[in-house]
Amino acid sequence: WYQRRVRGSASSRPRLVSLQVLLKKQGSTRNVLNLTKDEVRNYLARQTRFYEAYIVAEAYNVSDLVPYVFRMAVIEENMDYFEDYRTVHFIGSSFFDDIFISAQKARRLDEVATRNLIGILSHCKDIRQRKSIAQKLSLPTNLI
């Protein structure tokens, strides 16, 4: 039954079990084993440590982490989450397109969230794409 729920690579299962052991040692009541799809989504949406979220995402075959990166880095003001994401994933044009989509869905961003979004966009190597996204989101292009 466990193998039906956790479909990640063979190397992701031991990491998931190790994470569960670590969480228990720390006194946490969080469970990362045998999660349903909704439980995985909820876990990823609330997890403030990227590497823990990454282990869970990998084990349950969640490939699109950009909405969680957007939420944690831009909305929750946890730019360390984005920096940790960058160490594991290539940040290319599709990443910034997905950040743009997440920003559109968020509709209105406060000043701090806007500053965090500008910080993320500053990593976009394609200047045209960066300016285009900034204009579409009505961000101050002089800061990008």
Side-chain angles (χ1 to χ4, degrees), residues 4-24 26-144:
R4 283 187 291 146
R5 289 302 241 326
V6 179
R7 293 183 178 87
S9 68
S11 64
S12 66
R13 286 184 213 124
R15 283 191 290 238
L16 189 66
V17 171
S18 294
L19 175 59
Q20 184 66 66
V21 169
L22 176 69
L23 292 172
K24 292 298 180 199
Q26 294 173 342
S28 175
T29 58
R30 290 179 291 166
N31 179 39
V32 295
L33 299 175
N34 298 321
L35 300 178
T36 65
K37 255 186 182 178
D38 287 339
E39 289 169 332
V40 170
R41 271 189 242 119
N42 288 336
Y43 184 88
L44 295 175
R46 291 186 176 97
Q47 181 49 256
T48 59
R49 292 186 201 107
F50 172 74
Y51 288 109
E52 289 181 20
Y54 180 68
I55 289 168
V56 170
E58 186 179 50
Y60 290 97
N61 287 331
V62 176
S63 58
D64 185 13
L65 293 175
V66 176
Y68 304 107
V69 172
F70 179 83
R71 178 180 173 169
M72 286 299 151
V74 175
I75 305 299
E76 302 293 330
E77 304 174 31
N78 182 354
M79 289 300 285
D80 289 339
Y81 196 94
F82 169 68
E83 294 300 330
D84 290 342
Y85 177 86
R86 286 181 50 209
T87 65
V88 176
H89 292 282
F90 173 74
I91 305 294
S93 62
S94 64
F95 170 81
F96 294 104
D97 289 339
D98 292 343
I99 286 291
F100 169 69
I101 291 166
S102 293
Q104 280 185 312
K105 288 178 184 175
R107 297 193 183 151
R108 186 158 169 80
L109 301 174
D110 65 21
E111 187 177 326
V112 175
T114 299
R115 187 173 51 241
N116 292 334
L117 180 57
I118 289 170
I120 288 174
L121 288 177
S122 71
H123 293 275
C124 181
K125 304 246 187 271
D126 183 340
I127 295 169
R128 283 189 213 141
Q129 182 184 23
R130 186 180 342 147
K131 295 282 186 183
S132 172
I133 290 171
Q135 287 173 342
K136 289 175 185 173
L137 293 174
S138 301
L139 298 174
T141 54
N142 62 326
L143 298 177
I144 296 185

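Below, all heavy atoms of this structure are taken into account, side chains as well, without hydrogens, waters or symmetry copies. Because the structure is predicted, anything quoted here is derived from the model rather than measured.
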Atom pair [atom1]/[atom2] of [X] and [Y] - distance to nearest 0.5 Å:
X      : Y      : atom1 : atom2 : result
Phe50  : Arg86  : CZ    : CZ    : 12.0 Å
Leu139 : Leu121 : CG    : CG    : 6.5 Å
Arg13  : Ile55  : CZ    : CD1   : 15.0 Å
Tyr81  : Glu76  : OH    : CD    : 11.0 Å
Arg71  : Thr48  : CZ    : OG1   : 10.5 Å
Ile127 : Ser132 : CD1   : OG    : 13.5 Å

State, to 0.1 Å, how close [X] and [Y] come at their nearest heavy-atom pair, and which atoms those are.
X      : Y      : result
Met72  : Leu44  : CE-O, 4.5 Å
Ser102 : Pro67  : OG-CA, 3.9 Å
Gln20  : Leu33  : OE1-N, 3.5 Å
Ala73  : Asn116 : O-ND2, 3.3 Å

Is there a donor-acceptor contact under 3.5 Å from the side chain of [X] to the main chain of [Y]?
X      : Y      : result
Ser28  : Lys24  : no
Tyr60  : Leu35  : yes
Asp126 : Ser93  : no
Arg130 : Cys124 : yes

Less than 6.0 angstrom separating the ring centers of His123 and Phe82, yes or no?
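Ring centres of Phe82 and His123 closer than 6.0 Å.
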Taking side chain to side chain donor-acceptor pair (under 3.5 Å) as the definition, give me every residue that meets it alongside Gln129, ordered by chain and number, with sequence neighbours left out.
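Gln129 satisfies side chain to side chain donor-acceptor pair (under 3.5 Å) with Asp97 once adjacent residues are dropped.
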Could you check whether any side-chain heavy atom of [X] comes within less than 4.5 Å of a side-chain heavy atom of [Y], counting everything from C-beta outward?
X      : Y      : result
Ile120 : Phe95  : yes
Val69  : Val74  : no
Tyr51  : Val88  : yes
Leu137 : Leu109 : no
Val66  : Ser94  : no
Tyr85  : Ile91  : yes

side-chain hydrogen bond (donor to acceptor under 3.5 Å, both in side chains) with Tyr43: which of Glu39, Arg46, Arg41, Gln47?
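Among Glu39, Arg46, Arg41, Gln47, the one meeting side-chain hydrogen bond (donor to acceptor under 3.5 Å, both in side chains) with Tyr43 is Gln47.
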Please determine whether the number of non-hydrogen atoms from other residues, nucleotides or ligands lying under 6.0 Å from atom CD of Glu111 exceeds 12.
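For Glu111, atom CD is not crowded (no more than 12 foreign heavy atoms under 6.0 Å).
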When you look at Phe70 and Ile101, which way does the side-chain contact (heavy atoms from CB on, under 4.5 Å) test go after all the steps?
CA-CA 10 Å; Phe70 179 83; Ile101 291 166; over 6 Å; no
